[in-house]
Structure formats: structure tokens, C-alpha cells
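Report on the structure given below.
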Amino acid sequence: MKQVNLNEIEAYDDEKFIRPEVLKGERSRVLLLCLRPGQLVPPHRHEGFEILLHALRGTADVTLDGESLTLRPGDVVLVDGANDFAPVNNGTENFSMLITLVKI
């Protein structure tokens, strides 16, 4: 068993997004994505994974396979890793969300 306090690993950088690893298992991995206002993650995929997105702080727009939605604290989204994934913080506050990747 491993326990992690998200407040202790949450980190932001003025130059680039930060995504500390929270937990890693045999078939799963949990990351904490941290974006300052204006930062984005370039479009990419996680082929062979299901992805659970759980917004924790701030708001961000996420493009999933060409469709855009806004994530707010408490929102949870399940997506297929074969889809393009591109979050951007268009808000005025820091944004963070848990990203859980589960190998299928």
C-alpha cells in the first residue's frame, strides 16, 4: 500500500505544465496534472488505456477527439485513450486534475 497527499505533490511552474506521478501499479498509473493560467498540454493519445479525468481545482477546457468541454472541480470524465487529449487552462486560477490511466 502507498499513501500520497495531493497537497504535498501539487506543483506549478511558470514555463511548463507539471504532472507528478501519484501512484503506479502493474496496469494503472495516476498523475496529477497542474496547469497555470494559459498553459496547455499538446494533443496526444494514450493508446491501449482507458482514462479517468477528475478535476480538482480551477477550470480547464479539454479537447477530446475534436470535441471540447469545460472541466470544473468535481467533474469526472471517462475517455478512451485512443482519442486525442489536449487540456488547456483558459481560466484565471491554477488548474489541477487527477488522471488515471488503466491498461485495457
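Atoms considered below: every heavy atom in the structure, side chains included; atoms not considered: hydrogens, waters and symmetry mates.
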Worksheet entry | Partner residues of Arg57 under the salt bridge (Lys or Arg N to Asp or Glu O under 4.0 Å) criterion, sequence neighbours left out |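 For Arg57, the residues satisfying salt bridge (Lys or Arg N to Asp or Glu O under 4.0 Å) (neighbours in sequence not counted) are Glu10.
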Practice prompt. Mind checking salt bridge (Lys or Arg N to Asp or Glu O under 4.0 Å) for Glu47 and listing every partner two or more places apart, or none if nothing turns up?
Written response: Arg45
Please list, one pair per line, the donor and acceptor atoms closer than 3.5 Å that link side chains of residues 85-92 to other protein atoms, with sequence neighbours excluded.
residue	atom	partner	partner atom	Å
Asn89	OD1	Gly91	N	2.9
Asn89	ND2	Leu35	O	3.1
Asn89	ND2	Arg36	O	3.4
Asn89	ND2	Glu93	O	2.8
Asn90	ND2	Asp61	OD2	2.6

Flag the pair [X] / [Y] as yes when at least one side-chain heavy-atom distance between them is below 4.5 Å, and no otherwise.
X: Asp84; Y: Thr63; answer: no
X: Gln3; Y: Asn5; answer: no
X: Asn94; Y: Pro37; answer: yes

Worksheet entry | Full working for side chain to side chain contact (heavy atoms under 4.5 Å, CB included) between Val77 and Val62 | CA-CA 10 Å; Val77 179; Val62 181; over 6 Å; no
Spacing of [atom1] belonging to [X] relative to [atom2] belonging to [Y], to within rounding of 0.5 Å:
X: Ile104; Y: Asp80; atom1: CD1; atom2: CG; value: 5.5 Å
X: Leu101; Y: His46; atom1: CG; atom2: NE2; value: 5.0 Å
X: Leu31; Y: Ile18; atom1: CG; atom2: CD1; value: 12.5 Å

Fill in: Pairing residues for Arg19 by the side chain to side chain donor-acceptor pair (under 3.5 Å) criterion, not counting sequence neighbours
none
Discussion item. Tell me every residue that passes side chain to side chain donor-acceptor pair (under 3.5 Å) with His54, counting only those two or more places apart in sequence or in another chain.
Written reply: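 Side chain to side chain donor-acceptor pair (under 3.5 Å) check on His54 returns nothing, list empty.
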Discussion item. According to ring-ring contact (aromatic ring centres under 6.0 Å, His included), does anything in residues 1-21 pair up with another residue at least two apart or in another chain? List the pairs.
Written reply: none
Worksheet item: Can you list the residues that meet the side chain to side chain contact (heavy atoms under 4.5 Å, CB included) rule with Lys16, with sequence neighbours excluded?
Response: Asp13
Practice prompt. Can you sort out the partners of Ser28 under side chain to side chain contact (heavy atoms under 4.5 Å, CB included), two or more places apart, ordered by chain and number?
Written response: Val102
Item to complete: Answer yes if Val41 and Ile51 sit in the same cluster of Ile, Leu, Val, Met, Phe, Trp and Tyr residues linked by side chain heavy atoms under 4.5 Å apart, and no otherwise.
Response: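 Yes; tracing contacts between hydrophobic side chains, which count when under 4.5 Å, links both residues.
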Response to the item:
Looking only at heavy atoms, the pair that brings Leu52 and Val76 closest together is CD1-CG1, 3.2 Å
Practice prompt. Could you name each residue pair satisfying salt bridge (charged side-chain N to carboxylate O under 4.0 Å, His left out) that touches residues 20-31, not counting sequence neighbours?
Written response: Glu21-Arg29
Fill in: Other ILVMFWY residues reachable from Leu23 by side-chain steps of under 4.5 Å
Val4, Leu6, Ile9, Val22, Val30, Leu32, Leu56, Leu98
